[in-house]
Amino acid sequence: QVQLVESGGGLVQAGGSLRLSCAASGRTLGIYVMGWFRQAPGKEREFVATISRSGGSTTYTDSVKGRFTISRDNAKNTVYLQMNGLKPEDTAVYYCAARPGTMLEVTTSEYVYWGQGTQVTVSS
């Protein structure tokens, strides 16, 4: 089992940047595919990005392509989400998640372990 803790959220103006971190404990992060999801008020949790165990493959939802970058440092047991060009519609609680296996999945049900989330608020 792995425990995940997100950090790095906050309030930023439109066009600004934030870097989210997800620190893992309990087991080495390198055996998991990692993902970032977000949930805005009144909406379902949605996929943002995912990264393979080695970091060599990534997938993004269309709305963040070219603005967000997912990366990982397995030696530090940490996954990151660099968010540039933030928009008010990016406002949400952001969650990191882990799943055993090798497939890059985009649905919440495929992920087993979840962090508690970190709030990102983008003002216009």
Side-chain angles (χ1 to χ4, degrees):
Q1 189 167 349
V2 63
Q3 292 78 43
L4 304 173
V5 179
E6 302 96 334
S7 62
L11 174 64
V12 64
Q13 289 187 332
S17 298
L18 283 174
R19 187 195 198 199
L20 305 184
S21 298
C22 173
S25 61
R27 296 193 72 176
T28 179
L29 201 61
I31 65 173
Y32 298 102
V33 169
M34 299 298 298
W36 283 97
F37 292 77
R38 65 186 180 186
Q39 187 167 19
K43 296 187 177 181
E44 293 187 354
R45 193 169 300 187
E46 66 174 3
F47 167 76
V48 176
T50 183
I51 188 167
S52 63
R53 295 187 300 182
S54 68
S57 297
T58 58
T59 299
Y60 298 91
T61 192
D62 286 347
S63 63
V64 308
K65 285 180 181 176
R67 299 190 297 124
F68 291 11
T69 302
I70 188 172
S71 62
R72 65 191 300 162
D73 185 338
N74 288 338
K76 294 183 178 180
N77 255 14
T78 304
V79 176
Y80 305 97
L81 186 67
Q82 177 67 44
M83 306 186 295
N84 299 328
L86 283 161
K87 305 175 180 180
E89 51 263 44
D90 295 318
T91 295
V93 177
Y94 282 71
Y95 300 88
C96 70
R99 67 177 305 274
T102 59
M103 297 298 293
L104 301 187
E105 299 287 352
V106 302
T107 55
T108 57
S109 61
E110 294 291 341
Y111 288 78
V112 177
Y113 304 107
W114 292 84
Q116 84 291 345
T118 185
Q119 177 70 47
V120 171
T121 304
V122 184
S123 63
S124 57

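Here, residue 1 is the first one in the sequence, and each next residue gets the next number. Both backbone and side-chain heavy atoms feed into the values below; hydrogens, waters and symmetry mates do not.
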Measure the OG1-CZ distance between T107 and F47 for me, rounded to the nearest 0.5 Å. 9.5 Å
Under the criterion side-chain contact (heavy atoms from CB on, under 4.5 Å), which of L20, T69, V12 is the partner of M83? L20
Do V33 and Y60 sit in one hydrophobic cluster, given that two such residues count as connected whenever their side-chain heavy atoms are within less than 4.5 Å of each other, even indirectly? no
Flag side-chain contact, heavy atom, 4.5 Å: T28 against N74: no
Quick check: is V64 connected to Y80 through a chain of hydrophobic side chains (ILVMFWY, heavy atoms under 4.5 Å apart)? no
Look at the side-chain heavy atoms of Ile, Leu, Val, Met, Phe, Trp and Tyr, link any pair under 4.5 Å apart, and say whether V48 and V112 land in one connected group. yes
With the 4.5 Å side-chain cut-off for hydrophobic clustering, are Y95 and W36 part of the same group? no
To the nearest 0.5 angstrom, please state how far the CG atom of N84 sits from the CZ atom of F68. 8.5 Å
Enter the distance from Q82:CD to S21:OG here, rounded to the nearest 0.5 Å. 9.5 Å
Got a second to check how far R27's CZ is from Q3's CD, nearest 0.5 Å? 10.5 Å
To the nearest 0.5 Å, what is the distance between CG (L29) and CG (L4)? 7.0 Å
Yes or no on side-chain contact (heavy atoms from CB on, under 4.5 Å) for V79 and I70, after CA distance, side-chain angles and deciding distance? CA-CA 7 Å; V79 176; I70 188 172; 4.2 Å; yes
What are the two closest non-hydrogen atoms of A92 and A40, and how far apart are they? CB-N, 3.8 Å
Do E105 and T50 come within less than 4.5 Å of each other through their side chains, counting heavy atoms only? no
Please determine whether residues I51 and I31 belong to a single hydrophobic cluster, defined as Ile, Leu, Val, Met, Phe, Trp and Tyr linked transitively by side-chain heavy-atom distances below 4.5 Å. yes
Any non-hydrogen side-chain atom of S7 less than 4.5 Å from a side-chain atom of T118? no
For S17 versus G85, what's the shortest heavy-atom pair and its separation? OG-N, 4.4 Å
Residues pairing under ring-ring contact (aromatic ring centres under 6.0 Å, His included) where one sits in residues 100-124, two or more places apart or in two chains, turn out to be Y32-Y113, F37-Y111, F37-W114
Going by salt bridge (Lys or Arg N to Asp or Glu O under 4.0 Å), name the pairs with one or both residues in residues 75-102, residues two or more places apart or in two chains. R38-D90, R67-D90, R99-E110
Can you name the nearest heavy-atom pair linking G117 to V93, along with the distance? CA-CG1, 3.8 Å
Nearest 0.5 Å, what's the OG-CG distance between S52 and L104? 6.0 Å
Closest heavy-atom pair, V2 versus A98, reported as atoms and distance to 0.1 Å, is CG1-CB, 4.3 Å
Which of these, T121, V120, T91, sits in a side-chain contact (heavy atoms from CB on, under 4.5 Å) with L11? T121
Qualifying disulfide bond (SG atoms under 2.5 Å apart) pairs, either residue in residues 30-100, two or more places apart: C22-C96
